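These numbers come from a predicted model, not from an experiment.
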Amino acid sequence: MYVGNDFSPIDIGEKIDLAFDFVNDLVTGENITAVEWEIATLAGIDPNPETHFTDIPSVSGTVVAQRLTNFTIEGRYRILARVTTDRGNELSLWSHFNTYFPN
């Protein structure tokens, strides 16, 4: 499900954690047991966008996060987090972000 807004632009050279909060998608007492992240290039030429993922994704309660770095082009991306819960549910949230050369 689209989260309803995009992340702030990321300057080329930044290292940043992007996070989604699944609080509105989980039932009372349900816990996230696994997370998988996907990234796709929507504009610009970046043939291997998954190389921007660094570190291991984190889960803290209802929030999942992933560190991104090493952007070298201006572009537009879609990022998606897919979680599995202790009740066997599979849920996803996604959004967009742009990369820019800093001024």
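- The two atoms that bring Pro102 and Ile12 nearest to each other are CD-O, 4.0 Å, heavy atoms only.
- Note on Leu68 and Trp37: same hydrophobic cluster, where clusters join Ile, Leu, Val, Met, Phe, Trp and Tyr whose side-chain heavy atoms are under 4.5 Å apart, directly or indirectly.
- At least one side-chain heavy atom of Asn48 sits under 4.5 Å from a side-chain heavy atom of Glu50.
- For the pair Thr85 (side chain) and Arg87 (backbone), a donor-acceptor distance under 3.5 Å is present.
- Here the side chains of Arg76 and Asp6 are in contact, with some heavy-atom distance below 4.5 Å.
- The shortest side-chain heavy-atom distance between Thr84 and Leu91 does not fall under the 4.5 Å cut-off.
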Please tabulate, for side-chain N and O atoms in residues 16-27, each donor-acceptor pair with protein atoms closer than 3.5 Å (sequence neighbours left out).
unit_1	atom_1	unit_2	atom_2	d
Asp17	OD1	Arg67	NE	3.0
Asp17	OD2	Arg67	NH2	3.3
Asp21	OD1	Val23	N	2.9
Asp21	OD1	Thr62	OG1	2.6

Exercise. Between Trp94 and Met1, is a side-chain contact (heavy atoms from CB on, under 4.5 Å) present by the stated rule, with each step listed?
Worked result: CA-CA 6 Å; Trp94 60 273; Met1 172 188 317; 5.5 Å; no
For this session: Take Glu38 and Arg82, measure what salt bridge (charged side-chain N to carboxylate O under 4.0 Å, His left out) needs, and give me the verdict at the end.
Result: CA-CA 8 Å; Glu38 297 176 13; Arg82 181 175 293 113; 2.6 Å; yes
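- Of the inter-residue distances, the one linking Thr69 atom OG1 with His52 atom NE2 reads 9.0 Å to the nearest 0.5 angstrom.
- Residues Ile39 and Arg78 form no side-chain contact, since every pair of their non-hydrogen atoms from C-beta on lies 4.5 Å or further apart.
- When every heavy atom of Gly29 is checked against every heavy atom of Asp86, the shortest pair comes out as O-OD2, 4.1 Å.
- You'll find the side chain of Ile10 stays beyond 4.5 Å of the side chain of Tyr77, heavy atoms only.
- Between Pro9 and Phe97 there is no side-chain heavy-atom pair separated by less than 4.5 Å.
- The shortest heavy-atom contact between Glu30 and Asn89 is OE2-ND2, 2.7 Å.
- Taking OG of Ser95 as the reference point, atom CD1 of Ile79 lies at 9.0 Å (rounded to 0.5 Å).
- The cluster map of Ile, Leu, Val, Met, Phe, Trp and Tyr, joined by side-chain heavy atoms under 4.5 Å apart, puts Val3 and Val59 in the same cluster.
- For the atom pair OG1 (Thr51) and CZ (Phe71), the distance works out to 8.5 Å, reported to the nearest 0.5 Å.
- Here CG of Asn98 is found 9.0 Å from CG of Leu42. Values are rounded to the nearest 0.5 Å.
- Between Ile32 and Val64, the closest side-chain pair of non-hydrogen atoms falls below 4.5 Å.
- Under the 6.0 Å cut-off for aromatic ring centres, His96 and Phe7 do not qualify, their centroids lying 6.0 Å or more apart.
- In this structure, Glu36 CD and Leu80 CG are separated by 8.5 Å, a value rounded to the nearest 0.5 Å.
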For this session: For side-chain contact (heavy atoms from CB on, under 4.5 Å), just list the numbers for Gln66 and Phe53, CA-CA rounded to whole Å, side-chain angles, deciding distance to a tenth of an Å, and then say yes or no.
Result: CA-CA 7 Å; Gln66 175 66 59; Phe53 291 142; 3.3 Å; yes
